[in-house]
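Quick notes on the structure that follows.
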There are 2 protein chains.
Amino acid sequence: MAEKRACNHSCAHQACISLVPIFNHLEPAQMDEIMQTVQPGSYKKGEVIYRAGDQSDSLYIVNKGKIRIYRLSESGKEQLVRILNPGNFTGELALFQENVHEAYAEAVVDTEVCTIKRSDLQEFLIKYPSISLKILSEFSNRLEKSERQTARFATERVETRIALFLAECVEDQDGSLHIQLPMSKKDLASYLGTTPETISRRLTAFEEQGLIKQVGQRKMEILKLDDLLLI
Amino acid sequence: MAEKRACNHSCAHQACISLVPIFNHLEPAQMDEIMQTVQPGSYKKGEVIYRAGDQSDSLYIVNKGKIRIYRLSESGKEQLVRILNPGNFTGELALFQENVHEAYAEAVVDTEVCTIKRSDLQEFLIKYPSISLKILSEFSNRLEKSERQTARFATERVETRIALFLAECVEDQDGSLHIQLPMSKKDLASYLGTTPETISRRLTAFEEQGLIKQVGQRKMEILKLDDLLLI
DNA sequence: GAACAGACTTGATGCCGGTCAATTTCTTAA
DNA sequence: TTAAGAAATTGACCGGCATCAAGTCTGTTC
């Protein structure tokens, strides 16, 4: 791997490795070893990072910016699955199964990533089994969240899914009741399996019921969190 | 662990270990070691194996019978997540995160299981890292399937979800066009996020369109698989 | 600052699919 | 075999939400 070394350890693009939960428990020396294999990449706003069906052979770690991960359904419609912020990664599924992306990824704004070749990563998995355990923990969380999301789709109405999403925003933002939506309403609609129109209407209805107070494009104040969750 | 030994290696309830993909790559001696830690359990038809909120400290492997795994949504409605057959297991999520079940499990028919204590399994994970890799692969598949399912809920109509499910039945049954539904229509409705009435109506409609031919309770013949998938 | 494109809102309309109810068919137990 | 209780079907009804169509507002680029 040493021959891939592009620059020394202090390169900015490598620093993100230390942000990633699956690596940051390692010894400094081991972390350096991983950093040697990292390749930088950058994408302009709106640029596609990989497409569904692309050969998938790398792990992408977000260094700066924001990435949208979409999934295409059988009939070609797309759903927003997740938004990646610095320290998050994608491409991990391909490590353990067929090597074609099922999803596609797009830069929301100008974005810098670090990529690690799949083969390099697999070497590290064998060399440092603790990484496997970290990835297992990550997968476990993701699976849990994904199944929860599926159950919500299967059993809850759109109104409830929106309310639950707002509650999650409160949690993510450390319990503050002044929240900021992490994405546009169009993206949110895709994520929640509805339309921007319906999101807009439900939020207005919540406001008329005195449950929330909208303030500007993506900001709002949650007035009655408990009542919101009873919907 | 040896002191837990309840009987010798030939015990029937232990044999299932060799059926489980995450263990069956091990050396016979290692597999025996795991078998020593296995405890048998049996449940009558309809009996609950664990509830949402229960302390979760074991992996359950189905030896004989069938188990339904349900998830409860925030408002108490339940969705069928998965059905376990012999060789399948549940309780794996709790290995890597908080130790409370988010789902609940119920025996569909009289069922025998093997349980492995979480602490025992964690020892094995450290001792035999190859098990981690197998579980990673399993998780990776599950995550992939779960996200696909979520995307279907988000983007496809009930009619399409039913058609896609039928296509999966064909795959699972080795491409045979004479398929058997793996569960009752009530369960299927819960799994697909709809109602038994709607399932019944859509299948009748498929039949009237000449796409399938229903024959008896849970059996049918797929006449035009391609057309079914264009819906 | 003007102009433009996106993002968001609001209204009107229609239909998919959930709900309730009444049979009918199948399964299980006595 | 019969009886009882599920499971499945079929019909009537209607409400939630998608769709289409106009706007309004925001932010960005000359």
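Each chain gets a letter, A, B and so on, in the order the sequences are listed, and its residues count up from 1. Keep in mind that the numbers below use all heavy atoms, side chains included, and drop hydrogens, waters and symmetry copies.
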Nearest 0.5 Å, please: how far is [atom2] in [Y] from [atom1] in [X]?
X	Y	atom1	atom2	answer
Tyr43(A)	Asp110(A)	OH	CG	13.0 Å
Glu92(B)	Ile22(B)	CD	CD1	8.5 Å
Ile162(A)	Thr194(A)	CD1	OG1	6.0 Å
Glu106(A)	Leu80(A)	CD	CG	9.5 Å

[N] phosphate, OP1 or OP2: any side-chain N/O from [X] under 4.0 angstrom?
X	N	answer
Thr194(B)	dG18(C)	yes
Lys185(A)	dG6(C)	no
Thr195(A)	dT19(D)	no

Is any side-chain N or O of [X] under 3.5 Å from a base N or O of [N], one able to act as donor and the other as acceptor?
X	N	answer
Gln214(A)	dC8(C)	no
Glu197(A)	dC20(D)	yes
Arg201(A)	dT19(D)	yes

Practice problem: Using five pairs at either end of the helix from dG1(C)-dC30(D) to dA30(C)-dT1(D), determine the angle between the two local helix axes and round it to 10 degrees. | Solution: 50°
Exercise. For the side chain of Gln217(B), starting at C-beta, report the closest nucleotide among dA18(D), dA7(D), dT10(C).
Key: dA7(D)
Quiz item: Does the side chain of Gln173(A) reach to within under 4.5 Å of the side chain of His178(A), using non-hydrogen atoms?
Solution: no
Self-check item: Distance flag, aromatic centroids of Phe139(B) and Phe96(A), threshold under 6.0 Å
Solution: no
Practice problem: Starting at atom CZ of Arg202(B), determine the distance to atom P of dC15(C), rounded to an integer number of angstrom. | Solution: 14 Å
